[in-house]
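Reading through the structure tokens given below for one structure.
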Amino acid sequence: GKTFSTILQALFYLILAALLDPESYGNISYIIALAGTFAIVSRFGSNHSVTVYLAKNNIPLANSINLLTLITTSIASVILFTVDIFAGLLCFGLSMYFMSIHNLLGLKKYKKFMIMEIIRGFLIISIPIGFYFLFELNGILLGMSLSYLICSIDFFKNISLKQNMIYEIKKNFKTLMHNFGVDFSTRAPRFIDKLIIFPILGFTNLGIYQLNIQILFGLEILPLALHSFLLSEESSGKKHNKINYLIISSSVVIAFMAILISPFFINEFFQKYSSGIPSLQILMIAIIPLTISSILNAKLQSKESTVVGYSAIVRIGSMLVLIPILGSMFDLIGLSVAVLLSIILYTISLYIIYKKSSKIV
């Protein structure tokens, strides 16, 4: 389900790139990044937390997390309405959808998870693209919001008001905070980089960079699916070392093949973005450390680690420092090197945290 929906979402962004010139593509990417950043901050890592605690059968805490997320995301969306109403709608839709599917993961409803991911994948292509021809760029944002909200119906059905939310959240706040760190470190780099790049290089270079990064996200299927699976399984005490080794090996092959194929792919289908080919090839290497970090994150979160969230400081901090420096010096090449280095540093920090926690245990 995760693989299928990720492929369809990557296809959606590729279709947008084919329809739009780099400047317009950069413009829409910037607004999506704004909505995504607000969504990540407002849900405070609740998607990971609810998976862990539902898998551990801690229903009162899981219900409290769901209710709190509904409240905080609603507030964040209203604030974002004052900047861009469509960005506010997208912020709300994104968070509600993530909470919905992570509830399914915690309950081990894998079949329903798969179905919802596939439906979301189809909707994210059909509705926004159709709305684009009716309402232009705003239609894309409106269509994305509706796609996510349609697939969030289960979450709204299962909201419960029958628990002491403040007590449950306060008692587990430290663990929740570090789950936020994991969510922020894995999701925020998909958005926050655009907010930094636009003031430095403008919408056109941002559009080319966005196409490159979306191709990386499309190839990030394995680590994302692996993390979703391992988080629930390891929280229940199950280990899957053979799967881990297989996925790491696969990521090496995928990275190598992507480097070889990318020049033909871009020149054949996206000639307006051909100046970004060398930077795309550099970016493809990142799939390897991303896969390793997904395994380490799941292992640490399943143990309710209270230090795993510090890795977010490494990834986001290094990105905030490296993108302005290397981007202003080497343009698109500098951006890719900055992203790759930040991911490598992030993976190393997770490994150090994991080894230390293993010694303590």
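We use all heavy atoms of the structure for the numbers below, so side chains are in, but hydrogens, waters and symmetry mates are not.
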Atom pairs and distances, side-chain donor-acceptor, residues 321-340, under 3.5 Å, sequence neighbours left out:
| from | atom 1 | to | atom 2 | distance (Å) |
| --- | --- | --- | --- | --- |
| Ser328 | OG | Pro324 | O | 2.6 |
| Ser328 | OG | Ile325 | O | 2.9 |
| Ser336 | OG | Ser279 | O | 2.7 |

Nearest 0.5 Å, please: how far is [atom2] in [Y] from [atom1] in [X]?
| X | Y | atom1 | atom2 | result |
| --- | --- | --- | --- | --- |
| Leu211 | Phe269 | CG | CZ | 12.5 Å |
| Ser275 | Asn205 | OG | CG | 7.0 Å |
| Ile316 | Ser318 | CD1 | OG | 7.5 Å |
| Tyr354 | Ser349 | OH | OG | 15.0 Å |
| Leu105 | Phe113 | CG | CZ | 4.5 Å |
| Ile140 | Ile127 | CD1 | CD1 | 13.5 Å |

Should [X] and [Y] count as side-chain neighbours, where that means a heavy-atom distance under 4.5 Å?
| X | Y | value |
| --- | --- | --- |
| Phe44 | Leu68 | no |
| Asp193 | Tyr209 | yes |
| Val52 | Lys56 | yes |
| Leu14 | Phe265 | yes |
| Leu70 | Ser74 | yes |
| Ile71 | Leu67 | yes |
| Ile65 | Thr69 | yes |
| Arg43 | Thr72 | no |

Enumerate, atom names and distances included, each donor-acceptor pair closer than 3.5 Å involving a side-chain atom of residues 280-288, sequence neighbours excluded.
| from | atom 1 | to | atom 2 | distance (Å) |
| --- | --- | --- | --- | --- |
| Gln281 | NE2 | Ile259 | O | 3.0 |

Over all atoms of both residues, closest heavy-atom pair of [X] and [Y]:
| X | Y | result |
| --- | --- | --- |
| Gly207 | Tyr273 | O-CE2, 3.7 Å |
| Ser145 | Phe86 | OG-O, 4.0 Å |
| Asp21 | Ser24 | OD1-N, 2.9 Å |
| Phe203 | Glu23 | CB-O, 3.5 Å |
| Asn66 | Val50 | OD1-CG2, 3.6 Å |
| Ser342 | Met319 | OG-CE, 3.8 Å |

Return yes when atom CZ of Phe81 has more than 12 non-hydrogen atoms of other residues, nucleotides or ligands closer than 6.0 Å, and no otherwise.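 More than 12 heavy atoms, drawn from other residues, nucleotides or ligands, come within 6.0 Å of this atom.
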Counting only heavy atoms from other residues, nucleotides and ligands, does the tally under 6.0 Å from CZ of Phe156 exceed 12?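 More than 12 heavy atoms, drawn from other residues, nucleotides or ligands, come within 6.0 Å of this atom.
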With side chain to side chain contact (heavy atoms under 4.5 Å, CB included) as the criterion, how do Ile277 and Asn267 come out once you've worked through the C-alpha distance, each side chain's angles and the decisive distance to 0.1 Å? CA-CA 9 Å; Ile277 291 174; Asn267 285 323; 3.7 Å; yes
Distance-only check: which donor-acceptor pairs under 3.5 Å involve side-chain atoms of residues 25-34, not counting sequence neighbours?
| from | atom 1 | to | atom 2 | distance (Å) |
| --- | --- | --- | --- | --- |
| Tyr25 | OH | Tyr13 | O | 3.1 |
| Ser29 | OG | Tyr25 | O | 2.6 |

Show which side-chain atoms of residues 90-100 pair as donor or acceptor with protein atoms under 3.5 Å away, not counting sequence neighbours.
| from | atom 1 | to | atom 2 | distance (Å) |
| --- | --- | --- | --- | --- |
| Ser95 | OG | Ala39 | O | 3.2 |
| Tyr97 | OH | Glu117 | OE1 | 2.1 |
| Tyr97 | OH | Arg120 | NE | 3.4 |

Would a distance-only check, ignoring hydrogens and angles, find a side-chain to backbone donor-acceptor pair under 3.5 Å from Thr51 to Asn47?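 Judged by distance alone, yes, a pair lies under 3.5 Å.
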Check whether the ring centres of Phe4 and Phe122 lie less than 6.0 Å apart, and answer yes or no.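 Yes - the distance between ring centres of Phe4 and Phe122 falls below the 6.0 Å cut-off.
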Intermediate values then yes/no, side chain to side chain contact (heavy atoms under 4.5 Å, CB included), Tyr132 and Leu19: CA-CA 10 Å; Tyr132 165 71; Leu19 289 173; 4.1 Å; yes
Going by the rule side-chain contact (heavy atoms from CB on, under 4.5 Å), which residues pair with Lys112 if we only count those two or more places apart in sequence or in a different chain?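 With neighbours one apart ignored, the set is Leu104, Lys109, Met116, Asp154.
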Step-by-step side chain to side chain contact (heavy atoms under 4.5 Å, CB included) determination, Ile40 to Ile192: CA-CA 10 Å; Ile40 292 168; Ile192 203 167; over 6 Å; no
[X], [Y]: one ILVMFWY side-chain cluster at the under-4.5 Å cut-off?
| X | Y | result |
| --- | --- | --- |
| Phe135 | Phe133 | yes |
| Ile129 | Leu134 | yes |
| Ile153 | Ile124 | no |

Step-by-step side chain to side chain contact (heavy atoms under 4.5 Å, CB included) determination, Ile266 to Ile215: CA-CA 11 Å; Ile266 297 297; Ile215 293 172; 3.9 Å; yes
Linked hydrophobic residues, Leu345 as query - side chain contacts closer than 4.5 Å: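 Val314, which link up through side-chain heavy atoms under 4.5 Å apart, make up the rest of the cluster.
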